[in-house]
Amino acid sequence: MAVRVVILGGSFGGLTTAHELRRRLGPDRAEITLIASDPRFTFIPSLPWVALGSRSLDRISFELSGPLRAQQVRFAHETVLGIDADRKVVSTDRAQHAYDFLVVATGHRSANEAVPGLGPGDGPGHSPMSPLEAEELAAAVRGLLTHPGPVVFGAAPGASCIGPAYELVFGLDHLLRLRKLRHRVPITFVTPEPFLGHLGMGGAGKIRQLLEGALEERDIGYHTSAAVRRISEGEVEVEGVGPIPSVLSVVIPPLGGVPAVAGSPGLANAKGFIGVDSRYRHVRLDGIYAVGVAAAMPPVEETPVPVNFPKTGHMTEQMAVIAARDIAARISGHDGATAELSARCVLDMGDRGVYMAVDPVRPPRNRIPTVTVGRRWRLIKVGFERAYLWSASHGHRLPTALGW
Ligand SMILES: Cc1cc2nc3c(=O)[nH]c(=O)nc-3n(C[C@H](O)[C@H](O)[C@H](O)COP(=O)(O)OP(=O)(O)OC[C@H]3O[C@@H](n4cnc5c(N)ncnc54)[C@H](O)[C@@H]3O)c2cc1C
């Protein structure tokens, strides 16, 4: 009888798990169901470009059902409400799904409530963490271009996804210079990182010096170890710094697990993330795996203002491959191989890109990190986005060594 594998989430973690499992186990050996509340895959790394007006959501997303059907993976467009690990059943708004193996790849919930005034919806602050928020931020950026004024961009205490804050601040600076409006928009960057380019991974080679130089030559003021405490109309309150005037405030929030995972008994930690071992198996519950942002990862070190471990798309895919291999191996009576996470990514600076490669992510590292800047890296990031979307929408998996 075929083993029942249920995958929760239809983004980088869920799709990669489904693809890798199907490559190893034909339909006679594994019946794979992928459940996602959003019927579309969205290429999340392009959300800063949506916010800055150079992409539409349509251009960076596609319907999941076609490519999953091509891989003989059943797609259930449903919202997960809870997981009963004792009965091995997932409950959704429409059905119950029994599983032998469960892979949780439900990503994050933005804990916007950590910073009063960080909307949208409940305050003037913005963030790019979801497609809707990115569109909403795009409208606010258009507003800034007609009514320029001072802005504050950055990340809140406990944030883990800090790269996009840099992409947004460099992208906005570039856009304003193209429009000859930069002289009317003082920009301040605030970050919980103890130094620029810490990025939750303890820094990477010369990224600190590179980012300090890049912000300084662009007249972007910055505060490190900064704790944003409140966003209100016209200003951002930063502990120890005071109120900074701001007509457009963009702050990346700390993250938590989604409610269905956080609320399922015995599944997740206090933040709603799932504790895993080196094969991404749940630390206690048999048959359950967590990959991507849903998996709990401790910070690399204690910092004066908390900064959490970054779980990038590239890392998410590595976790998914390890989990899928392990499931396939266990079905044949073995354990799958494990591997340290490495990270490769391209940080867009508006007119050029910075390529960073660290191996492993947590210092001390076997290799001196690669950090290099140039226009070609931005072109590679754009090319990667297109190639990824084309491959994934046709049911293929792109080797993801470069480009993120
Ligand atoms: C603005 C931004 C820019 C980024 N840029 C980069 C970058 O340049 N490079 C890089 O490597 N990484 C980048 N990242 C990080 C990368 O996007 C994440 O690592 C990646 O999206 C994590 O994938 P995931 O599958 O774990 O979760 P997600 O992408 O968050 O997907 C979660 C999935 O779960 C589904 N889901 C959630 N709750 C439920 C539920 N209750 N029921 C059913 N389905 C549910 C969602 O619909 C979705 O399909 C960026 C992130 C952001 C926010």
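Whatever order the structure lists them in is the order used to number ligands and atoms, beginning at 1. Not measured: the values here are computed from a predicted model.
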Taking the inter-plane angle between the rings of Phe12 and Tyr388 on a 0 to 90° scale, is it parallel (under 30°), tilted (30 to 60°) or perpendicular (over 60°)?
-> perpendicular
Mind checking whether Glu167 has an N or O less than 3.5 Å away from an N or O of ligand 1?
-> no
Nitrogen or oxygen of Pro48 less than 3.5 angstrom from that of ligand 1 = no
Does Arg40 come within less than 4.0 Å of Glu63, counting only side-chain N to carboxylate O?
-> yes
Do any N/O atoms on Cys161 end up under 3.5 angstrom from N/O atoms on ligand 1?
-> no
Numbering the atoms of ligand 1 from 1, which are under 4.0 Å from a heavy atom of Ala36?
-> 43 (C), 44 (N)
Any salt bridge between Arg330 and Asp286, counting N to O under 4.0 Å?
-> yes
Identify the closest protein heavy atom to atom 45 (C) of ligand 1: which residue and atom is it, and at what distance?
-> Ser37 OG, 3.2 Å
Would you mind checking if Arg177 and Asp173 are paired as a salt bridge, meaning a charged N to carboxylate O distance below 4.0 Å?
-> yes
Mark yes or no: Lys311 above the aromatic ring of Phe273, with NZ or CZ under 6.0 Å from the six-membered ring centre and no more than 45 degrees from the axis.
-> yes
Is it the side chain (CB and beyond), the backbone, both or neither of Cys345 that lies under 4.0 Å from ligand 1, heavy atoms counted?
-> neither
Provide the closest heavy-atom pair for Val90 versus Leu102 in the form atom of the first, atom of the second, distance.
-> CG2-CD1, 3.6 Å
Compare every heavy atom of Phe153 with every heavy atom of Leu172, then report the nearest pair and how far apart it is.
-> CD2-CZ, 3.7 Å
Between Glu20 and Arg397, does at least one N-O distance fall below 4.0 Å, as a salt bridge requires?
-> yes
Taking only non-hydrogen atoms of His314 and a 4.0 Å limit, the atoms of ligand 1 in range are 11 (O)
Who's the nearest protein heavy-atom neighbour of atom 21 (O) of ligand 1, and how far?
-> Phe12 CD1, 3.4 Å
Heavy-atom contacts with Pro128 under 4.0 Å: which atoms of ligand 1 show up? List them by number with element.
-> 1 (C)
Ligand 1 to Gly10 polar contact by distance, N or O atoms, under 3.5 Å | yes
Spatial distance of atom CD1 (Ile220) from atom CZ (Arg182) [nearest 0.5 Å] | 5.5 Å
Does Pro259 approach ligand 1 within less than 4.0 angstrom via side chain, backbone, both or neither, non-hydrogen atoms only?
-> neither
Distance-minimising heavy-atom pair for Pro164 and Ile252 = CB-CD1, 4.1 Å
Heavy-atom nearest neighbour in the protein, as seen from atom 38 (N) of ligand 1, with distance rounded to 0.1 Å = Val258 CG1, 3.9 Å
For ligand 1, the portion of Thr316 having any non-hydrogen atom under 4.0 Å away | side chain
Relative to the heavy atoms of Ser11, which atoms of ligand 1 are at a distance of less than 4.0 Å?
-> 25 (O), 28 (P), 29 (O), 31 (O), 49 (O)
What protein heavy atom is closest to atom 5 (N) of ligand 1, reported as residue, atom name and distance in Å?
-> Pro45 CA, 3.4 Å
Look only at interatomic distance and state if Thr79 has a nitrogen or oxygen under 3.5 Å from any nitrogen or oxygen of ligand 1.
-> no
Please report which non-hydrogen protein atom sits nearest to atom 37 (C) of ligand 1, along with the residue it belongs to and the distance in Å to one decimal place.
-> Thr106 O, 3.3 Å
Which ligand 1 atoms are under 4.0 Å away from a heavy-atom of Asp38?
-> 47 (O)
Please confirm whether Ala260 comes within less than 3.5 Å of ligand 1 when only nitrogen or oxygen atoms on both sides are compared.
-> no
Evaluate the side-chain proximity of Val80 to Thr106: yes if any heavy-atom separation is below 4.5 Å, no if none is.
-> no
For Glu78, the ligand 1 atoms with a heavy-atom partner under 4.0 Å come out as 43 (C)
Are Glu385 and Lys381 close enough for a salt bridge, meaning some N to O gap below 4.0 Å?
-> no
Assess Arg362 against Phe309: is NZ or CZ under 6.0 Å from the centre of the six-membered ring, and within 45 degrees of the ring's axis?
-> yes
Going by heavy atoms, is Lys381 under 4.0 Å from ligand 1?
-> yes
Under 4.0 Å from one or more heavy atoms of Gly292, ligand 1 contributes atoms 26 (O)
Note the single closest protein heavy atom to atom 25 (O) of ligand 1, along with its residue, its atom name and the distance in Å.
-> Gly13 N, 2.8 Å
Atom of Ala18, atom of Leu68 and distance for their closest heavy-atom approach | CB-CD2, 4.5 Å
Option set Gly14, Pro164, Gly313, Ala76, criterion heavy-atom distance to atom 10 (C) of ligand 1, minimum = Gly313
Starting from atom 40 (C) of ligand 1, which protein heavy atom do you reach first, and at what distance in Å?
-> Val80 N, 3.7 Å
Given Glu31 and Arg74, is the side-chain contact (heavy atoms from CB on, under 4.5 Å) satisfied, shown in steps?
-> CA-CA 8 Å; Glu31 179 190 289; Arg74 206 180 133 244; over 6 Å; no
Identity and separation of the nearest protein heavy atom to atom 26 (O) of ligand 1 | Val293 N, 3.0 Å
What atoms of ligand 1 come within less than 4.0 Å of a heavy atom belonging to Gly9?
-> 33 (C), 34 (O), 35 (C), 49 (O)
So Phe41 and Phe62, would you call those rings parallel, tilted or perpendicular, with 30° and 60° as cut-offs?
-> parallel
